[in-house]
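To start, the structure under review is shown below, and the notes come after it.
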Amino acid sequence: MSSEDSNPAATPTPGVDTQGDGRWMSLHNHFVSNSKDKEPDVLFVGDSLVQLLYQFEVWRDLFSPLHALNFGVGGDATQHVLWRLSNGELGHISPKVVVLWVGTNNHGHTAEQICGGIMAIVQLIKDKLPKAYTLVLGVLPRGKMPNPLRERNAQVNKLVQEAVSSLPHASLLNVDPGFVHSDGSISHQDLYDYLHLTPQGYQAVCQPLHAHLKGLLEKQAEN
Amino acid sequence: MTNIPRLTSAVASCLRIAISWMSGDEMNPAAVAQAVEDIQGDDRWMSQHTRFVQECKDAEPEVLFIGDSMVQLMQQYEIWRELFSPLHALNFGIGGDTTCNVLWRLQNGELDNIGPKVTVVWVGTNNHEHSAEQVAGGILAIAQLLTSRLPKTKVVVLGLLARGEWPNPLREKNVAVNSFLRSWLPRLGHTQFLDVGAGFVHSDETISTRDMFDFLHLTAAGYRAIAKPLIDLLLQILEGTPEEKRASLV
């Protein structure tokens, strides 16, 4: 495995304001101040797949009742999430479970590097929140038809699964309900742009996730 | 352009407009049709375009929405099913699109076999390489293309929204784009400008995540706010087809 220095996916890196409106930092600052007066049991952190989840009914139905916070930022890769969590977003909260969903935006990185980035985040969470359980969600397939990114994402999931298998405080959950059809295609009814989930897509992902989360929270309560 | 003979000024300016949109005005890069390159490796932009071209073969929309993620995301919220589906609306939004990308899509099949009564255009906030004037020129080129390809359509151009949590250069740029559009669009026939941005910037100059969850994209509540003036205008246009009613619209 690459060390932090040689793995860009595992080197904390803030988002760059290329567009000129400072939105990435605004969101980060919001999350830091949000964490000051909330007491979440569950923290969702990651990219647009996390961020968009908050916008749909499914969040209110399934995750608000679990006292969940959402720290998703569209476009984030592992190194951005690593930076955010290292710079205040875990400052004032002690969730029982952290749901981590990131990796699909790590363009230019190999599956090994992306796995290294995810594992660096898992380690950081363990360091900052020793009692928390980290649930890593598998990276979803993308693109209408088979393509190299699907292979990369599948490989990431395989490597992460192996890496967490020996850890008592983390696991990988595959949340793909079978988005890829027998002809290799993905439907826009599930992923409206072959990357982002529709409300229907979220339902299919979140029902099992919710059940799994509830199980984890109950187990954490027993400890 | 230098070979145009001296004609009357009215004919010359019509020709200039026609030539500038046909050739992709070299003076304005925002009016040059351009497909999105597949840099990431999963060809999603082309897949979405191909799907829209197919939808043109199957559907008979009364309303066509075209633009960037502001258009695309709208279809994922309840409001689309409540207010816009009943109008037989098609949604050809693609996240990240600039005026150049929309122009390319419209020239490459997304207007084939359809005759919507209204086309709603919402694009321009992603044109990061271009000046406000160029962006407005790109939007104008889109409106010109629509009115010439779909002679029966009325074009509604939505103003660009403010963005960013605090005042910043992109807010100023989008305001400038809207300002150009306000003065240029009425000169095109069958086209109007609708500003749906009122109320998003609060008195302390901030934008709230309740309206734009990332200070750019709208929440369900944000879409509800813009839907009101938009649906009113669409219904006005769809219901008021006789000449007398049309004359009463600004």
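Numbered from 1 within each chain, the chains take letters A, B, ... in sequence-line order.
For Tyr194(A), the parts lying near chain B are the backbone and the side chain together; criterion is any non-hydrogen pair under 4.5 Å. Asp214(B) touches chain A through backbone and side chain together, each having a heavy atom under 4.5 Å away. Looking at Leu73(B), the atoms closer than 4.5 Å to chain A (heavy atoms on both sides) all sit in the side chain, from C-beta outward. Looking at Thr209(B), only its side chain comes within 4.5 Å of chain A, counting heavy atoms on both sides. Neither the backbone nor the side chain of Gln200(A) comes within less than 4.5 Å of any heavy atom in chain B. If you measure heavy-atom distances from Glu78(B) to chain A, you find no contacts under 4.5 Å at all.
For the atom pair CD1 (Ile207(B)) and OG (Ser26(A)), the distance works out to 10.0 Å, reported to the nearest 0.5 Å. To the nearest 0.5 angstrom, Ser47(B) atom OG is 9.0 Å from Asn147(A) atom CG. For the atom pair NE2 of His217(B) and CD of Gln51(A), the computed distance is 9.0 Å after rounding to the nearest 0.5 Å. Separating the NE2 atom in His188(A) from the CZ atom in Phe52(B) is a distance of 8.5 Å, to the nearest 0.5 Å. A distance of 5.5 Å separates CZ in Phe56(A) from CD in Gln76(B), rounded to the nearest 0.5 Å. Here the CG-CZ distance, from Asp42(B) to Arg142(A), works out to 4.0 Å after rounding to the nearest 0.5 Å.
Asp21(A) is not listed as a side-chain neighbour of Arg171(B), based on a closest heavy-atom distance of 4.5 Å or more. Taking the side chain as every heavy atom from C-beta outward, Lys144(A) and Arg44(B) never approach each other to under 4.5 Å.
Around atom CD of Glu82(B), more than 12 heavy atoms belonging to other residues, nucleotides or ligands sit under 6.0 Å away. Applying the 6.0 Å contact sphere to CD of Gln54(B) captures more than 12 heavy atoms from other residues, nucleotides or ligands. Other residues, nucleotides and ligands contribute over 12 non-hydrogen atoms within 6.0 Å of the CD atom of Glu162(A). For Tyr192(A), the OH atom sits in a packed shell: over 12 heavy atoms of surrounding residues, nucleotides or ligands are nearer than 6.0 Å.
Considering all non-hydrogen atoms of both residues, Gly41(B) and Pro148(A) come closest at O-CD, 3.6 Å.
Using a distance-only test at 3.5 Å, with no hydrogens or angles considered, no donor-acceptor pair links the side chain of Arg23(A) to the main chain of Phe215(B).
Taking chain A as the reference chain and counting heavy-atom pairs below 4.5 Å, the highest number among Arg163(B), Arg51(B), Gln48(B) is found for Arg51(B). Highest contact tally toward chain B, considering only Asp193(A), Leu27(A), Leu149(A), Thr198(A), is held by Asp193(A) [criterion: heavy-atom pairs under 4.5 Å]. Interface check for chain A: of the options Leu216(B), Asp43(B), Thr219(B), the most heavy-atom pairs under 4.5 Å are formed by Leu216(B).
Proximity of the aromatic rings of His30(A) and Phe213(B) is defined here by a centroid distance below 6.0 angstrom, and this criterion is not met.
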